[in-house]
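Quick caveat: nothing in here was measured; it's all calculated off a predicted structure. One-based numbering along the sequence shown.
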Amino acid sequence: MDLTIDEQRLIAEYRRLTATGRDDLLAYASSLVRQAGTEKSSDNDTATNQCRLKSAEPHPEAEKTPFFTE
């Protein structure tokens with residue numbers, strides 16, 4: 001996996017943090033994610049980062065009809 005210089009610096013800084021520093025950082029990040037989630041859901045109820053699934057395609061070979069062969 002190739003990382004950019006900025007990504008490598010972030011990883012190095014994270015590894016230098018103490019256990020409480022890591023916990024504080026993760027708590028802050030999770031609060032930002034929760035805040036962003038509530039802002040999106042209140043403004044617009046449709047998800048923009050999801051794709052729509054295709055409707056089920058018919059599979060005649062999976063039907064439970066008996067096969068008659070001679």
Side-chain angles (χ1 to χ4, degrees):
M1 181 167 80
D2 295 328
L3 299 175
T4 64
I5 297 294
D6 292 331
E7 292 168 337
Q8 292 175 4
R9 285 184 193 145
L10 285 173
I11 292 171
E13 290 296 324
Y14 181 78
R15 289 180 179 166
R16 288 186 198 136
L17 290 174
T18 63
T20 56
R22 288 180 185 177
D23 291 341
D24 291 342
L25 181 64
L26 292 175
Y28 179 69
S30 65
S31 69
L32 288 176
V33 168
R34 270 188 253 118
Q35 182 182 15
T38 57
E39 288 174 359
K40 285 184 182 178
S41 65
S42 64
D43 293 339
N44 192 359
D45 288 341
T46 60
T48 58
N49 61 349
Q50 295 181 0
C51 63
R52 192 173 274 227
L53 295 176
K54 294 181 181 178
S55 62
E57 297 177 3
H59 296 284
E61 67 275 5
E63 292 180 6
K64 293 185 178 186
T65 57
F67 288 102
F68 294 104
T69 59
E70 290 186 30

* Residues L17, Y14; criterion side chain to side chain contact (heavy atoms under 4.5 Å, CB included); working and verdict -> CA-CA 5 Å; L17 290 174; Y14 181 78; 4.1 Å; yes
* Asked: Has the side chain of R9 got a donor or acceptor atom that lies under 3.5 Å from a matching backbone atom of T4?
  -> no
* Structure fact -> Between R22 and R15, the two heavy atoms sitting closest are NH2-O, 3.1 Å
